[in-house]
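Contents: one structure, followed by commentary.
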2 protein chains.
Amino acid sequence: MGASILVVEDESAIQELIALNLSQAGHESLLAADAQEALDRVRESLPDLILIDWMLPGMSGIDLVRRLRANERTQNVPIIMLTARADEVDKLMGLESGADDYITKPFSIRELNARIKAVLRRRAPQMTEDPVRFKDLLLDPGTHRVSVRGDEISLGPTEFKLLHFFMTHPERVYSRTQILDHVWGDHVFIEERTVDVHIRRLRAALEPSNTAELLQTVRGSGYRLTALP
Amino acid sequence: MGASILVVEDESAIQELIALNLSQAGHESLLAADAQEALDRVRESLPDLILIDWMLPGMSGIDLVRRLRANERTQNVPIIMLTARADEVDKLMGLESGADDYITKPFSIRELNARIKAVLRRRAPQMTEDPVRFKDLLLDPGTHRVSVRGDEISLGPTEFKLLHFFMTHPERVYSRTQILDHVWGDHVFIEERTVDVHIRRLRAALEPSNTAELLQTVRGSGYRLTALP
DNA sequence: GCATGCTGTAACATTGCCGTCACACCTTGT
DNA sequence: ACAAGGTGTGACGGCAATGTTACAGCATGC
């Protein structure tokens with residue numbers, strides 16, 4: 001814990017309420033009263049999460065979300081919307097505009113905390129250029145090599161990305177759809193069963209090093225890379 | 001509608017006022033005059049919502065909330081605080097102690113009803129991606145694993161969802177129809193007795209860890225996951 | 001032009017789970 | 001004690017999910 005959270009809210013009462021609550025939960029809160037101030041704040045330092053009120057003076061909360069999503073720097077920062085209007089339409093618009101979650105006012109502090117915790121928890125680890133280690137496996141995106149205790153393993157491009165994804169997201173189960181999104185990229189239109197085939201090819205490549213059993217299938221859910229039996 | 005609501009209030013005038021109002025709204029009201037009585041009541045049957053007066057003889061309302069939140073059995077029951085003191089501080093303390101909402105006295109019946117309705121609407125404990133604990137059981141949807149004190153339990157997809165449902169809705173009896181709706185999804189056309197079979201399979205899987213008795217049969221009503229003997 | 005390596009898809013094989021039934025057992029009321 | 005309904009239990013056929021193999025297309029390099 002101990003995340004930095006930007007609160008964009010014009011009503012000072014609610015702002016203080018949230019800020020106090022966040023600090024008690026061990027978070028650092030940054031405050032902004034309108035969209036422009038929020039954008040300025042974000043330019044200085046990137047928060048781990050942004051809470052945005054739907055109704056803001058000047059630029060609306062939704063427009064702010066769009067702006068944040070359009071900016072490469074901020075497009076991956078999770079956003080929670082606060083809205084007084086409980087209509088389904090609003091919810092949809094909020095999510096479509098790019099928010100990760102929304103809460104309708106009046107909301108309880110418990111609920112707010114739960115949402116924050118949930119959003120922060122699924123703050124996904126990114127696939128960077130750094131070498132990744134998992135059990136005996138060593139994967140280096142820079143040199144594009146995979147090895148087990150020094151013995152190199154030869155993988156095709158797709159198998160490499162697939163293993164890279166699993167090694168940066170170990171122990172977690174991912175559906176075929178999620179795997180397609182992360183490894184192939186969103187919006188690709190590929191048969192889900194194709195994932196199975198690549199899992200098989202990856203397993204075959206890992207087989208000689210006896211590390212294939214790390215890649216488990218979870219019937220009905222997807223696949224997972226695990227260190228446990 | 002038709003929720004059971006526990007009212008913890010020492011002033012009998014207000015108590016009766018609320019009870020009358022609740023019954024007119026189609027709710028069943030349970031009454032308790034102090035914190036201890038409230039705890040006793042809760043032990044018998046779990047209400048859908050608890051109204052707690054801030055000022056109570058003996059243990060204060062806030063302490064009661066803390067006690068309820070500390071108890072595994074009651075930690076997810078929504079709570080609304082009634083308080084005569086309108087200070088922001090009080091609001092904060094009430095919410096931080098674990099209440100879902102608060103109402104300052106004097107309050108209008110209309111407002112009370114609105115709050116109750118709102119809280120009940122968002123009451124349903126959701127089956128999220130968060131790990132769930134219940135007694136010795138630990139279920140993690142993210143990794144799709146269930147364990148008892150470290151020992152993993154292997155479950156099929158349906159048994160997993162079934163256990164997940166019960167663990168997020170403990171201490172409450174669900175009919176076979178309700179279980180089908182929640183676990184299989186609405187509008188499925190499946191024999192109700194099928195639920196029995198899956199309950200049996202789940203029990204068999206829990207048997208080795210001596211946690212099978214947590215899954216109780218309530219003859220004529222359905223099933224329930226409970227910590228009580 | 002040919003060989004090579006990789007990919008996505010389809011088709012077939014296999015596994016494991018699911019839903020249902022039949023019957024045994026238990027509970028309740030008369 | 002009996003009947004009647006509710007629940008436990010074991011077995012079984014079916015089928016959906018997954019494993020596996022084969023193949024055609026498409027780059028790339030020689």
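Everything numeric in this text was worked out from a predicted model, so none of it was measured. Chain letters run A, B, ... following the sequence lines, proteins first, then strands; residues in each count from 1.
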Going by the salt bridge (charged side-chain N to carboxylate O under 4.0 Å, His left out) test, name the single residue among Arg203(B), Arg176(B), Arg201(B) that passes it with Asp196(B).
-> Arg176(B)
Leu215(B) CG - dG8(D) C1' separation (whole Å) = 13 Å
List the steps and the verdict of salt bridge (Lys or Arg N to Asp or Glu O under 4.0 Å) for Arg145(B) and Asp140(B).
-> CA-CA 5 Å; Arg145(B) 288 180 190 274; Asp140(B) 186 343; over 6 Å; no
What about Arg200(A), does its side chain sit under 3.5 Å from the base of dT18(D) through a donor-acceptor pair?
-> no
Side chain of Arg201(A) - closest among dG19(C), dG16(C), dT7(C) = dT7(C)
Rounded interatomic separation in angstrom, taking CZ from Arg219(A) and C1' from dT18(D) = 6 Å
Rounded distance in Å - CD1 (Ile190(A)) to P (dA10(C)) | 12 Å
The side chain of His198(A) lies closest to which of these nucleotides: dC21(C), dC17(C), dT7(C)?
-> dT7(C)
Using a cut-off of less than 4.0 Å, is there contact between a side-chain N or O of Thr194(B) and OP1 or OP2 of dC18(C)?
-> no
Under-4.0 Å side-chain N/O to phosphate OP1/OP2 contact, Trp184(B) with dC18(C) | no
Looking only at N and O atoms, is any donor in the side chain of Arg193(A) or the base of dG19(D) less than 3.5 Å from an acceptor on the other one?
-> yes
Could you label the plane-to-plane angle of the His182(A) and Tyr174(A) rings as parallel, tilted or perpendicular, counting under 30° as parallel and over 60° as perpendicular?
-> perpendicular
Taking atom C1' of dG8(D) as reference, at what distance in whole Å does atom CD of Gln216(B) sit?
-> 16 Å
Nucleotide of dG8(D), dG19(D), dT27(C) approaching Asp196(B) most closely (side-chain heavy atoms) = dG8(D)
Atom-pair distance (CD1 on Ile199(B); P on dG10(D)), nearest Å | 16 Å
Think Arg176(A) has a side-chain N or O under 4.0 angstrom from the OP1 or OP2 of dA17(D)?
-> no
Within the structure, does a side-chain N or O atom of Tyr223(B) lie under 4.0 Å from either OP1 or OP2 of dG8(D)?
-> yes
From CD of Glu192(B) across to P of dG19(C) the rounded distance in Å is 14 Å
Any donor and acceptor pair, going by atom type alone, linking the side chain of Glu171(A) with main-chain N or O of Ala227(A) inside 3.5 Å?
-> yes
Are OP1 or OP2 of dC18(C) and a side-chain N or O of Thr158(B) less than 4.0 angstrom apart?
-> yes
Pair of N/O donor and acceptor under 3.5 Å linking dG8(D) base with Arg203(B) side chain = no
Check: His198(A)/Thr158(A) side-chain N/O donor and acceptor closer than 3.5 Å | no
Check the distance between dG8(D)'s P and Leu202(B)'s CG and give it to me in whole angstrom.
-> 13 Å
For the pair made of NE2 in His144(B) and C1' in dA17(D), what is the distance, rounded to whole Å?
-> 14 Å
